[in-house]
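The block underneath contains the structure these notes are about, expressed in structure tokens.
The chains referred to below are lettered A, B, ... by the order of the sequence lines, with proteins before strands, and numbering in each begins at 1.
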Amino acid sequence: MQYIIVGIGGQGILFTSKVLGKIAIGKGLSAIGSEVHGMAQRGGSVISHFKVGNYKGPLVTEGNADVVMAFDQSEGIRNLSFLRKGGTFLVNTSSPQAFQNESLKKYLTDREIVTCRFPGYDILNQHMDGNTLFLNVLILGTASGMKIEGFEKDLVVAALKELSPPKYLEANLKVFDLGIEAVS
Amino acid sequence: MNERGLSGNMGEISDKNDFRKTALLLGNEAIAQAVVAAGCLVATAYPGTPSSEILPAIASCVDRLNAPTVVEWGANEKVAFEMALAATYTGARACAAMKQVGLNVAADPFMSGALLRLKGGMLLISADDPGPHSSQTEQDSRFFSMFAKTPCLDPSDAAEAAAMVEDAYALSEKHNIIVMLRPTTRVAHCRQTVDVLDRLRPGVFDRPVKFDRDPNRWTQLPALVRVASPQHNARIAKIREEFEIDWREYNYELPAKGKPKLGIIAGGVSFAMLCDLIGEWGRDDISVLKIGTPYPLPCRMTENFIARHEKVLVLEETYPVIETQLLDRGKVNGRWNDVVPSAGELLPEVIEEIVLSQLGEMISKPDSFLDSSSGSSALSTVINELNLTPRKPQLCAGCPHRGSFFSIRKAIPNAINPSDIGCYTLGINQKGLDSSLCMGGSVTMSSGFYLGHKAAGQERPVVATIGDSTFFHMGIAGLLSAVYNKHAFVLCVLDNSVTAMTGGQSHPGIGKKLRKNDPGRTLDIEAVVRGCGVTFVETVASYDVTAGVDAVKRAWEHAKANKIPALVIYKHPCMLLHVPQNIVPVTVREDQCVGCRYCIDYFGCPGLSFGEKVKKTSIDPRYCVSCGVCEAVCPHGAIIKRPAKPLSGAA
């Protein structure tokens with residue numbers, strides 16, 4: 001499985017790769033990935049490549065990702081070229097009207113891309129007092145809810161229990177469930 | 001022997017279940033564990049992406065294992081390298097880590113140290129940044145190893161980097177020579193499942209630490225160098241011979257299953273990416289020679305490989321180091337004939353294109369939508385129609401540098417603004433800097449700008465910026481020189497109490513050392529610069545724009561009148577340190593905002609959003625941290641402190 005996780009600096013993209021790695025280790029699989037994060041905390045674009053299986057190099061090539069997970073809608077669309085035909089596009093939408101664009105609709109249809117959109121900021125506003133720091137766990141929930149390989153619910157929960165700082169664990173588990181609900 | 005309790009804590013970690021496991025490690029963490037496991041006693045560094053995590057990871061490993069290793073930041077790379085090098089004179093194993101540009105700073109002791117017959121093992125880790133992602137240059141440290149004639153190990157992934165550490169120490173001690181480990185960004189910053197068995201034990205160091213006086217060995221006098229140089233060449237020849245034979249773990253051939261159409265010599269992460277591609281294609285007509293020891297190159301091995309192939313391609317980042325050492329490049333394609341591009345990362349898609357064109361085949365991407373080089377591709381159309389531009393890196397919301405740059409520009413608008421290497425280079429978004437060269441360059445370039453104008457009989461104000469860590473790294477020497485030579489300029493130290501750009505490391509101005517419970521002393525910048533002979537020093541709060549403007553104006557008057565550098569220290573902790581601060585909520589009065597974009601163009605906080613349709617600025621609550629600085633920015637008074645009650649009927 002090859003994953004591309006994109007967004008902007010400060011959204012907690014690294015954490016998602018760590019969860020994927022934890023789950024891979026649990027299954028006895030090898031994993032390798034790379035994040036471009038020299039300027040990440042300064043609000044620039046961030047992209048994380050992650051590969052589970054027998055790979056040596058850390059980068060995903062265009063047209064080979066099984067999943068593109070986008071913390072930011074614009075970054076997600078900009079990096080769609082990584083997605084293989086029939087791959088899954090999971091995206092936190094900020095302006096849903098962009099998906100009315102005819103060229104985008106045609107692109108997604110022609111390439112048989114399974115698109116899953118969820119209004120992350122709205123959900124966090126409604127349930128988590130607008131705390132955007134929870135976006136990464138929310139997206140883990142949506143990936144789990146979408147039954148994407150590598151995000152099996154029990155395994156994500158186990159990884160969250162291990163990786164979350166204790167004081168955030170309860171909230172993280174709640175947000176994770178919100179993510180699952182958002183796509184079910 | 002275990003006199004210093006080097007493995008005193010073995011009992012605690014000998015629970016095999018605890019460390020017989022696979023972990024997902026950053027390349028730098030894997031290297032760090034291996035350094036501690038090798039029994040390194042002194043580890044030093046100066047932070048620089050992509051090397052920055054190595055030293056903190058060594059510290060955390062040392063703490064976990066209760067190893068005796070001393071772990072300290074140097075004020076700069078030369079300092080760090082020299083501390084580590086001298087430690088090896090006592091027989092200890094030592095390690096200095098830095099990024100490729102940092103090695104330029106440490107070049108002097110590296111070149112001299114290369115000739116020595118060391119006692120303890122010396123590992124130099126120089127992390128390269130092809131691409132480059134966060135560097136001023138794309139330079140290749142392997143060339144530096146060749147320049148200094150020291151062996152270089154070039155890992156292809158995190159696991160191999162870790163494995164190379166112990167072998168590097170063994171090689172170093174066998175030949176009493178410095179050994180360079182050279183990970184690149186994709187190795188240092190890859191995250192890989194690594195088997196940590198054995199690596200979580202502190203290494204056993206079984207020699208006494210003792211410095212024996214021997215001036216003939218430890219002083220680099222010309223007469224001694226004349227003897228040392230030929231001896232040094234002889235040991236490099238020996239090491240080359242060893243690389244031919246004994247280093248098959250890192251230098252090996254992956255022969256094509258069928259008849260090879262192409263032979264590829266590859267090193268570093270290019271090898272890893274090539275392997276994935278060949279696997280993906282399922283090809284049996286490409287053989288690969290993997291080189292993990294690019295200097296000195298095992299030439300017989302490469303010549304033999306070249307002889308057995310009709311056509312050979314060399315893939316390596318960043319410079320043609322292996323390629324240049326090949327004895328006969330007659331049937332070799334690479335950089336010398338532009339088959340391989342001479343700049344930029346060798347990304348998998350770049351390698352794919354080169355290899356397929358060498359095989360004389362068309363590039364068949366998974367589907368026709370993916371012709372991203374052509375502007376007419378389906379996705380490019382989408383991106384254009386939706387106007388999706390990549391986000392520029394910018395200073396964080398509430399970053400103290402933003403207020404500093406704003407007041408510096410406002411104080412003397414016609415000043416030349418040299419700047420330096422650090423977060424504040426992002427002040428370019430505020431039109432706050434005119435030059436940026438290298439660490440400490442803002443100070444010396446200020447002298448240069450002053451002198452250039454002086455020579456032409458002119459005077460132009462110069463207001464330079466430098467960070468606190470950079471000031472201690474390389475700023476002081478330039479400042480001393482400017483005081484001595486009587487150069488008039490204003491130097492603004494943007495003191496955010498941390499080395500922010502590389503992730504928040506400590507430095508001499510903070511009073512904290514790298515490890516917990518290992519306190520240092522705080523060096524006060526004001527006192528330091530007064531000691532350097534600077535007579536005007538003022539500290540202002542970075543958030544106080546009015547005070548900042550005033551201080552810079554007065555500093556320049558003082559500098560001009562006395563022909564001496566004057567200093568303004570802007571002080572406020574970095575936002576990433578999460579120090580509690582006053583909450584000053586602000587709002588934009590719509591009736592006052594004229595849509596001039598001044599706040600966006602010259603302040604540019606992520607918390608300020610400009611509505612292109614309404615032509616007004618508003619506060620973006622997603623990013624605003626209520627620092628209140630922008631209140632001083634709007635020339636029309638439209639940004640105001642938010643009253644306790646929401647404004648009603650204001651618009």
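- With respect to chain A, the highest number of heavy-atom pairs below 4.5 Å among B/T185, B/L386, B/I383 belongs to B/L386.
- A/S144 contributes no side-chain N or O that, together with a main-chain N or O of A/L140, makes up a donor-acceptor pair within less than 3.5 Å.
- Salt bridge annotation for A/E162-A/K22: present, with a cationic side-chain nitrogen under 4.0 angstrom from a carboxylate oxygen.
- A salt bridge links B/D276 to A/K51: at least one charged side-chain nitrogen sits closer than 4.0 Å to a carboxylate oxygen.
- Residue contact with chain B, scored on non-hydrogen atoms closer than 4.5 Å, is absent for A/T132.
- For a residue to count as touching a neighbouring chain, one of its non-hydrogen atoms must lie under 4.5 Å from one of that chain's; by this rule A/L104 touches chain B with backbone and side chain alike.
- Partner of A/Y3 under the side chain to side chain contact (heavy atoms under 4.5 Å, CB included) criterion, chosen from A/V52, A/T16, A/L90, A/V68: A/V52.
- Looking at A/E75, the atoms closer than 4.5 Å to chain B (heavy atoms on both sides) all sit in the side chain, from C-beta outward.
- The backbone N or O of B/P393 sits less than 3.5 Å from a side-chain atom of B/N429, completing a donor-acceptor pair.
- When heavy atoms are compared at a cutoff of 4.5 Å, B/A23 approaches chain A solely by way of its backbone atoms N, CA, C and O.
- A salt bridge does not link A/R84 to A/E112: none of the charged side-chain nitrogens sits closer than 4.0 Å to a carboxylate oxygen.
- Contact of B/P606 with chain A is not made at all, since no heavy-atom distance falls under 4.5 Å.
- Interface remark: B/E160 contributes no atoms to any contact with chain A (heavy atom separation under 4.5 Å).
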